[in-house]
Amino acid sequence: MSDSDRSVLVTGAGSGMGEATARRFAATGANVLVVDLDEEGAAATVGAIEADGGTARSHVADVSDPAAVEGMIDRAAEAFGGLDVLHNNAGVPQESTPVEDVTEETWDATVDVNLKSAFLGAKYAVPELRESDAGVILNTASTAAIRPRTGLSAYVASKAGMVGLTKQLAYELADDGIRVNAICPVATDTPMLQDFAAGDLSVESMHDTIPLGRLCEPEDVAGAAVFLASEDASMITGTALEVDGGRDI
Ligand code: ADP
């Protein structure tokens, strides 16, 4: 299959990296299911794709809810005649907190949205992806998965888990022709970054710690996602691609 005309589902596509990625996939000719908890955000992304001449539908789902995840996979398959690419991208930040003060509720909520969602996505998508000529799963992790920072125990564990799950699924699903890769962005200029900025560093000081001299932009993540899902990446599976400008904060 060529990279156009594919059925692509991106979660967290109502904002930030997910929005940019959904738009970039649509620009390649893919049909995109834009999934988000935020109905308005999802609708706005679909509006932007359609204004550019692309094809997309919006779908509201909480990616930590098993029934909702099963429902979003069914919706993509029904709308676009199957599923070729699942991008588990929706995520939540964690307020920087010493581990002894992290509540179980914070731990569970962070891990459920950032990690369990990718397990659920794979669980329900694999039967559809197996039917594709070139099934792909992408998981948005973080450089924090590899280089931890102050007060982010739940976030870092969720993202490190995302890398581990990626490698396991790449191994497990290779026989089915399904490739699985993670993307590890450095501090990315999205609404979520403001939540981290109160922790170790201000947004301004983050620029100075990245050798290329700027934050990651949502489009940088979108470019990595479209590449990893493309035929050009057909020998790449189980990798965690760092999109970090040369070094982490
Ligand atoms: P980033 O792009 O850096 O991840 P954003 O906050 O811009 O940060 O985007 C994250 C997106 O994920 C938001 O649109 C948000 O509504 C979405 N999201 C957060 N939690 C969930 C969830 N449980 N289910 C679906 N989407 C979610």
Side-chain angles (χ1 to χ4, degrees), residues 9-25 32-49 56-73 75-76 86-95 105-121 124-125 138-145 149 152 154-156 158-159 162 182-199 203 206 210 214-226 242-245 248-249:
L9 189 164
V10 183
T11 69
S15 173
M17 304 184 228
E19 175 190 351
T21 303
R23 293 181 68 170
R24 187 74 71 90
F25 270 118
V32 183
L33 191 70
V34 171
V35 174
D36 207 287
L37 201 51
D38 172 8
E39 188 172 4
E40 279 183 23
T45 301
V46 169
I49 288 172
R57 303 277 183 278
S58 70
H59 186 85
V60 176
D62 177 349
V63 296
S64 64
D65 173 356
V69 172
E70 190 172 13
M72 78 183 187
I73 302 295
R75 174 85 193 281
L86 168 67
H87 187 167
N88 296 302
N89 169 78
V92 286
Q94 181 197 348
E95 197 179 321
E105 287 73 20
T106 293
W107 175 274
D108 288 344
T110 307
V111 173
D112 282 358
V113 176
N114 289 357
L115 176 59
K116 186 181 176 188
S117 58
F119 153 65
L120 293 171
Y124 292 112
L138 299 172
N139 292 323
T140 299
S142 166
T143 51
R149 47 186 78 113
L152 297 185
Y155 183 82
V156 165
S158 70
K159 294 300 189 179
M162 196 70 138
I183 300 167
C184 295
V186 75
T188 303
D189 199 3
T190 69
M192 191 187 288
L193 188 67
Q194 306 304 325
D195 293 300
F196 285 123
V203 171
M206 290 179 191
I210 299 172
R214 65 174 180 86
L215 296 178
C216 187
E217 295 293 334
E219 288 69 23
D220 297 315
V221 177
V226 168
E242 292 173 55
V243 182
D244 70 356
D248 197 357
I249 57 173

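For the single chain, residues carry numbers from 1 onward in sequence order. If you're wondering where the values come from, they're calculated on a predicted model, not measured in any experiment. Both counts, for ligands and for their atoms, begin at 1 and track the order of listing.
In terms of heavy-atom proximity, Asp36 sits nearest to Ala42 at CB-CB, 4.1 Å. Closest approach of Cys184 to Ala141, counting heavy atoms only: SG-CB, 3.9 Å. Summarising the geometry of Ala90 relative to Val63, their closest heavy-atom pair is CB-CG2, 3.9 Å, with the distance given to 0.1 Å.
For Glu40, the CD atom counts as loosely surrounded, since its 6.0 Å shell holds 12 or fewer non-hydrogen atoms of other residues, nucleotides or ligands.
Under a 4.0 Å criterion applied to the non-hydrogen atoms of Ser15, ligand 1 contributes the atoms 5 (P), 7 (O), 9 (O), 13 (C), 14 (O). Within ligand 1, counting atoms from 1 as listed, the ones closer than 4.0 Å to a heavy atom of Gly12 are 11 (C), 12 (O), 17 (C). Ligand-side atoms of ligand 1 in range of Met17: 1 (P), 2 (O), 3 (O), 4 (O), range being under 4.0 angstrom from any heavy atom. Taking every non-hydrogen atom of Gly16 and a distance limit under 4.0 Å, the qualifying atoms of ligand 1 come out as 2 (O), 7 (O). Every atom of ligand 1 is numbered from 1 in the order shown, and the set under 4.0 Å from a heavy atom of Leu37 is 21 (C), 22 (C), 23 (N), 24 (N), 25 (C), 26 (N), 27 (C). Near Val113, with a cut-off below 4.0 Å to any heavy atom, the atoms of ligand 1 are 20 (N), 23 (N).
You'll find the side chain of Leu138 stays beyond 4.5 Å of the side chain of Asn89, heavy atoms only. A 4.5 Å side-chain heavy-atom check between Thr188 and Pro218 finds at least one atom pair inside the cut-off. Contact check for Arg214 versus Asp220: side-chain heavy atoms found under the 4.5 Å cut-off. Contact check for Met162 versus Ile183: no side-chain heavy atoms found under the 4.5 Å cut-off.
Residue-level proximity to ligand 1 for Asn89 is absent, since no heavy atom of it falls below 4.0 angstrom. Looking at Ala61 against ligand 1, only its backbone comes within 4.0 Å, counting heavy atoms.
No side-chain donor-acceptor contact under 3.5 Å links Asp112 to the backbone of Ala109. For the pair Arg24 (side chain) and Glu219 (backbone), a donor-acceptor distance under 3.5 Å is present. Distance alone, capped at 3.5 Å, is enough to place a donor-acceptor pair between the Asn114 side chain and the Val92 backbone.
In terms of protein heavy-atom proximity, atom 27 (C) of ligand 1 is closest to Ala90 CB, 3.7 Å. If you check which protein heavy atom lies closest to atom 4 (O) of ligand 1, you get Met192 CE, 3.4 Å. The nearest protein atom to atom 24 (N) of ligand 1, hydrogens excluded, is given as Val63 N, 3.0 Å; this is a heavy-atom distance. Nearest protein heavy-atom contact of atom 19 (C) of ligand 1 is Gly91 O, 3.6 Å. If you check which protein heavy atom lies closest to atom 3 (O) of ligand 1, you get Thr190 OG1, 2.6 Å.
The shell of residues lying under 4.0 angstrom from ligand 1, judged by heavy atoms, excludes Gly41. Ligand 1 has Asp62 within reach: a non-hydrogen atom of the residue lies less than 4.0 Å from it. Residue contacts with ligand 1 do not include Ser117, since none of its heavy atoms lies under 4.0 Å from the ligand. Within the structure, ligand 1 lacks Thr11 among the residues with a heavy atom less than 4.0 angstrom away.
Checked against a 3.5 angstrom limit, the closest N/O atoms of Asp36 and ligand 1 fall inside it.
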